Amino acid sequence: MIGLCCHYVVPVTKRNGTIEYDNILNERTLQFKAFNSGKYSKEKVLDTYINNISHVKSILNKILNEGIKSYRMSTGVFPLWDIVSDDIKNNDLVLSTLKEIGAFVLKNNMRITCHPDQFVVLSSDNPNVRDNSLKTLSMHAWIFDKMELPKTPYYSINIHGGKGGNGKQLIESICALPDSIKNRLTLENDESSYSVADLYEVYANTQVPVCFDSHHHSFNDGGMSAEDAMNKAFTTWGTSKPMTHLSNTTPGLESGSFREKRKHSDYVHYIPEYQLKAHSENKTDIDFEFKMKNLAIFKAVKDFNISLV
DNA sequence: CCAAGTCAAGGTGCC
DNA sequence: GGCACCTTGACTTGG
């Protein structure tokens, strides 16, 4: 399956005739300071939560109709989740919508995953940072629990290794996680700190699967060929189908600096042969990390003759 | 309507 | 040391 990440874009013609691309997943945010200074009523917070989760429900319906069966949820569906009161989280409509989404996903053999933000650093030296990371992970596990999804990495909570060289702390933190997080966790190789080889060591101590990102691997290969790294990552997934990620450098910046090369392109320009082959043999689902989101997926289906499922 | 400034948080590379 | 970047800008304010 090909996976859509977070947004769904549509072209919109502005009054001056130019075309812009808007995200139709209209997610609302809440701000920490405004919350703390009492600017948000309970109704406003609840309204934000219901608005956001309703959008997830409608986007899943929309993409299924168009043949996309894998979706990465945004991290911002329930802003300030760790500090709002329990009666907002346990609101009937919030919970029933989550349950409906879970049933919809299972019934239609869809895959839903999430990718908590960069502030989740289980390998941090700072216990407060590790504790905040736990809160964020708890939110994602709570979402999938309320969707009544199995606790497997198929419905993955995917994170990075975090602070480089701190594999020991990473392993220790993972081992202390509750099953609702640990059994869904996956670790993705990044551009500078944790290669597939580094994460394999963590896997050997925790059984947490490795999510292979072919673009990141090109920055930080840990001494392995990309194909070997992908296949090594595949061996960590047990009975769940491995997830991999695909992105490209923006055209023209391929020979640029580290910063330039990591810039994601709007559309798909190339798919590594080994990754395309693995997908055609049904050995992996691929999240497409392109700025034009669904438009990039549909263009790639034509350009590369790939199947959405 | 539009542009600029602001927003909770970590780690990293580039300048 | 400051800034941009990361899976992803939205919101407020002032023109």
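Within every chain, numbering begins at 1; the chains are lettered A, B, ... in the order of the sequence lines, protein sequences first and strands thereafter. These figures come from a predicted structure and were not determined experimentally.
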Hey, what do you get for OG (A:Ser133) to CG (A:Leu122), rounding to the nearest 0.5 Å? 5.5 Å
Could you check whether A:Lys261 gets within reach of a base, just the sugar-phosphate, or nothing at all, counting any heavy atom under 4.0 Å? nothing
Rounded interatomic separation in angstrom, taking NE2 from A:His264 and P from C:dA4: 18 Å
Starting at atom CG of A:Asp190, determine the distance to atom C1' of B:dG13, rounded to an integer number of angstrom. 12 Å
Nearest-Å distance for atom pair CD1/P, residues A:Ile159 and B:dG11: 13 Å
Span that lies between the C1' atom of C:dA4 and that of C:dG9, in whole angstrom: 15 Å
A:His7 and A:Leu4 have their tightest heavy-atom pair at O-CD1, 3.4 Å
Whole angstrom value for the distance that separates C1' of C:dT7 from CD of A:Glu27: 12 Å
In whole angstroms, the gap separating P of B:dT12 from CZ of A:Phe258 amounts to 11 Å
May I ask you to say what A:Gly76 touches in the nucleic acid, namely base, sugar-phosphate or nothing, with a heavy-atom cut-off under 4.0 Å? nothing
Check the phosphate of C:dC5 against A:Lys263, side-chain N and O only, distance under 4.0 Å to OP1 or OP2. Yes or no? yes
Please list, one pair per line, the donor and acceptor atoms closer than 3.5 Å that link side chains of residues 137-153 of chain A to other protein atoms, with sequence neighbours excluded.
unit_1, atom_1, unit_2, atom_2, d
A:Ser138, OG, A:Leu134, O, 2.7
A:Asp145, OD1, A:Arg184, NH1, 2.9
A:Asp145, OD1, A:Arg184, NH2, 2.9
A:Thr152, OG1, A:Tyr154, N, 3.1

Cluster membership besides A:Met243, Ile/Leu/Val/Met/Phe/Trp/Tyr side chains within less than 4.5 angstrom, sorted by chain and number, is A:Trp237
Which value, in whole Å, describes the distance between the C1' atoms of nucleotides B:dC2 and C:dC6? 28 Å
Is there a path of hydrophobic side-chain contacts, each under 4.5 Å between heavy atoms of I/L/V/M/F/W/Y residues, joining A:Leu246 to A:Tyr270? no
Under 4.5 Å side-chain linkage, directly or through intermediates, the cluster mates of A:Val129: A:Val121
Return the orientation label for the A:Tyr49 and A:Phe78 ring planes: parallel under 30°, perpendicular over 60°, tilted otherwise. tilted
For a quick test of reading the model: is some side-chain N or O of A:Thr75 closer than 4.0 Å to OP1 or OP2 of C:dT7? no
In short, side chain to side chain donor-acceptor pair (under 3.5 Å) pairs touching residues 33-45 of chain A with sequence neighbours left out are A:Lys42-A:Asp87
If I pick the P atom on C:dA10 and the same atom on B:dG10, what distance separates them, to the nearest angstrom? 23 Å
Counting just side-chain N and O atoms, does A:His160 come under 4.0 Å of either OP1 or OP2 of C:dT7? yes
Expressed as a whole number of Å, how far does the C1' atom of C:dT8 sit from that of B:dC7? 15 Å
How would you label the contact of A:Ser193 with the nucleic acid (heavy atoms, under 4.0 Å): base, sugar-phosphate, or nothing? sugar-phosphate
Along DNA chain C (nearest heavy atom to each residue), the more 5'-positioned of A:Asn26 and A:His7: A:His7
Between B:dA8 and C:dT13, how far apart are the two P atoms, rounded to whole Å? 14 Å
Quantified in whole Å, what is the P atom distance between nucleotide B:dG5 and nucleotide C:dC3? 13 Å
Rounded to whole Å, please give me the gap between OH in A:Tyr194 and P in C:dC6. 21 Å
Check every strand shown and say whether A:His216 touches a base, only sugar-phosphate, or nothing at a heavy-atom separation below 4.0 Å. sugar-phosphate
Integer-rounded Å distance: B:dC14 C1' and A:Glu191 CD: 14 Å
Can you give me the N/O atom pairs linking the protein to nucleotides 3-5 of chain B at distances under 3.5 Å, or say none if there are none?
none

Is the count of non-hydrogen atoms from other residues, nucleotides or ligands lying under 6.0 Å from A:Lys283 atom NZ greater than 12? no
Please give me every residue in residues 28-41 of chain A whose heavy atoms get under 4.0 Å of an atom in DNA chain C, ordered by residue number. A:Arg28, A:Thr29
Between C:dC5 and B:dA9, how far apart are the two C1' atoms, rounded to whole Å? 15 Å
Does A:Lys135 make a cation-pi contact with A:Trp81, if we ask for NZ or CZ under 6.0 Å from the ring centre and within 45° of the axis? no
Side chain of A:Glu289, heavy atoms from C-beta onward: which of C:dG9, C:dC5, C:dT7 has the nearest atom to it? C:dT7
Enumerate the residue pairs fulfilling side chain to side chain donor-acceptor pair (under 3.5 Å) with a member in residues 216-227 of chain A, sequence neighbours excluded, ordered by first and then second residue. A:Glu188-A:His216, A:Asp213-A:His216, A:Ser225-A:Asp228
May I ask you to say what A:His245 touches in the nucleic acid, namely base, sugar-phosphate or nothing, with a heavy-atom cut-off under 4.0 Å? nothing
Tell me which donor-acceptor pairs under 3.5 Å the side chains of residues 299-309 of chain A have, and how far apart each pair is, sequence neighbours excluded?
unit_1, atom_1, unit_2, atom_2, d
A:Lys299, NZ, A:Asp303, OD2, 2.7
A:Ser307, OG, A:Val309, N, 3.1

Between A:Lys261 and A:Glu254, does any NZ, NE, NH1 or NH2 come within less than 4.0 Å of an OD or OE carboxylate oxygen? no
Under 4.0 Å, heavy atom to any atom of DNA chain B: which of residues 110-144 of chain A qualify? A:Gln118, A:Phe119, A:Val121, A:Ser124, A:Val129
Counting Watson-Crick and G-U wobble pairs whose two distances are both under 3.5 Å, find the runs of 3 or more in a row that involve DNA chain C. B:1-7 with C:9-15, B:10-15 with C:1-6
Side-chain ion pair, A:Glu273 and A:Lys277, N-O less than 4.0 Å: no
Which residues share a ring pair (Phe, Tyr, Trp, His ring centres under 6.0 Å) with A:Phe290, sequence neighbours left out: A:Phe288
Filter on side chain to side chain donor-acceptor pair (under 3.5 Å), then keep only pairs touching residues 197-212 of chain A, sequence neighbours left out; what's left? A:Ser195-A:Asp198
Rounded to whole Å, please give me the gap between CD in A:Gln169 and P in B:dG10. 16 Å
